[in-house]
Amino acid sequence: MTAKLDSSDEVLRNFTIDRRSPVPLYHQVAEYLETAIVAGDIPQGTLFENEIDLADALDLSRPTLRRAMRQLSEKGLIVRRRGIGTRVVQPKVRRPLELTSLYDDLSRGGQKPTTRVLSFDRVVATSEVAQHLRVAKGAEVVALKRLRRAGRSPIAVMTNYLPGDLVRFTAEDLATRGLYQLMRQSGVQLFSAVQVVGARNATEEEAALLREPAGAALLTMQRDTMDEDGIIVEYGTHVYAASRYSFETRLTLP
């Protein structure tokens with residue numbers, strides 16, 4: 001087999017087609033490869049030079065493998081180039097625009113979120129923060145800054161401000177659990193939010209944290225979250241690596 005797989009050889013050897021299953025063969029192999037790519041078992045940059053040899057290695061017909069690879073390409077997991085081959089790219093995290101935390105969304109998607117707490121401080125509210133939280137300028141608030149990873153890949157730098165009296169958890173808690181989970185456990189009933197999505201270029205610090213080139217494109221998200229009484233309980237301003245992350249919106253006609 002001429003496909004360059006290195007440490008991924010074992011992943012492919014462990015794949016077995018279930019020819020008695022009602023699930024189409026191309027979908028079986030596409031799902032298996034997608035799981036392996038997302039988990040990092042087939043790393044970003046892995047090159048499949050020859051799909052014919054890959055089909056033989058997986059005991060598949062060439063049309064079946066081509067259909068499976070097309071499904072992976074449509075999901076943004078691989079890039080196919082004539083004369084070069086098929087290369088695994090960093091899978092994008094797609095997040096629905098709902099009142100959920102990134103930690104919860106990644107967990108539900110099997111992405112294994114991890115968090116590095118960059119700062120956890122009680123500070124006085126600036127004019128901007130006070131306006132968003134609807135507190136007096138100079139009031140005590142808690143400022144949180146975190147680096148969120150999906151698997152081994154950093155995808156977001158998240159800064160959040162909360163009224164000081166709502167924070168009953170520690171930086172250690174925040175390193176292992178989602179912010180919204182901790183807020184709910186503290187008795188905060190999250191109800192709705194106003195959210196603005198945008199884009200800009202990364203600062204040097206953001207690029208270094210996200211392992212992106214200087215000036216790389218970032219998605220931005222700003223959110224004011226309210227409880228069931230309409231009181232603002234969180235002001236968040238997050239940036240996401242656009243190369244690995246997207247927001248998903250579902251629209252319906254009236």
Side chain to side chain, Asp59 and Arg19, heavy atoms closer than 4.5 Å: yes

Compare every heavy atom of [Y] with every heavy atom of [X], then report the nearest pair and how far apart it is.
X	Y	result
Val239	Leu218	CB-CD1, 4.0 Å
Arg149	Pro154	CG-CA, 3.9 Å
Val233	Pro163	O-CD, 3.5 Å
Ala136	Ala125	O-CB, 4.1 Å
Arg168	Ser186	NH1-O, 2.8 Å

Any donor-acceptor pair under 3.5 Å linking the side chain of Arg122 with the backbone of Gly164?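 Pair found, side chain donor or acceptor close to backbone of Gly164.
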
Short side-chain to backbone donor-acceptor contact, Asp227 and Asp229, under 3.5 Å: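 Such a contact is found between Asp227 side chain and Asp229 backbone.
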
Kindly determine whether Met226 and Val194 satisfy side-chain contact (heavy atoms from CB on, under 4.5 Å), including the steps that lead there. CA-CA 9 Å; Met226 291 164 276; Val194 176; 4.2 Å; yes

When clusters are formed by joining ILVMFWY residues with side-chain heavy atoms under 4.5 Å apart, either directly or through shared neighbours, do [X] and [Y] land in the same one?
X	Y	value
Ile155	Val157	no
Val188	Phe169	yes
Ile232	Val123	yes
Leu72	Ile17	yes
Leu174	Leu190	yes

Could you state the interatomic distance from [atom1] ([X]) to [atom2] ([Y]), rounded to the nearest 0.5 Å?
X	Y	atom1	atom2	answer
Thr225	Glu234	OG1	CD	3.5 Å
Leu144	Thr159	CG	OG1	9.0 Å
Asp18	Gln28	CG	CD	5.5 Å
Leu209	Arg148	CG	CZ	14.0 Å
Met158	Leu147	CE	CG	8.0 Å
Tyr240	Glu206	OH	CD	12.5 Å

Set of residues satisfying side-chain contact (heavy atoms from CB on, under 4.5 Å) with respect to Glu172, sequence neighbours excluded: Thr170

Atom CD of Gln131: over 12 foreign heavy atoms under 6.0 Å: no

For Arg134, does the CZ atom have more than 12 heavy-atom neighbours from other residues, nucleotides or ligands under 6.0 Å away? no

Side-chain donor-acceptor pairs of residues 61-70 under 3.5 Å, sequence neighbours excluded:
unit_1, atom_1, unit_2, atom_2, d
Ser61, OG, Thr64, N, 3.3
Ser61, OG, Thr64, OG1, 2.8

Scan residues 212-237 for pairs that pass ring-ring contact (aromatic ring centres under 6.0 Å, His included), counting only residues two or more places apart or in two chains. His132-Tyr235, Tyr161-Tyr235

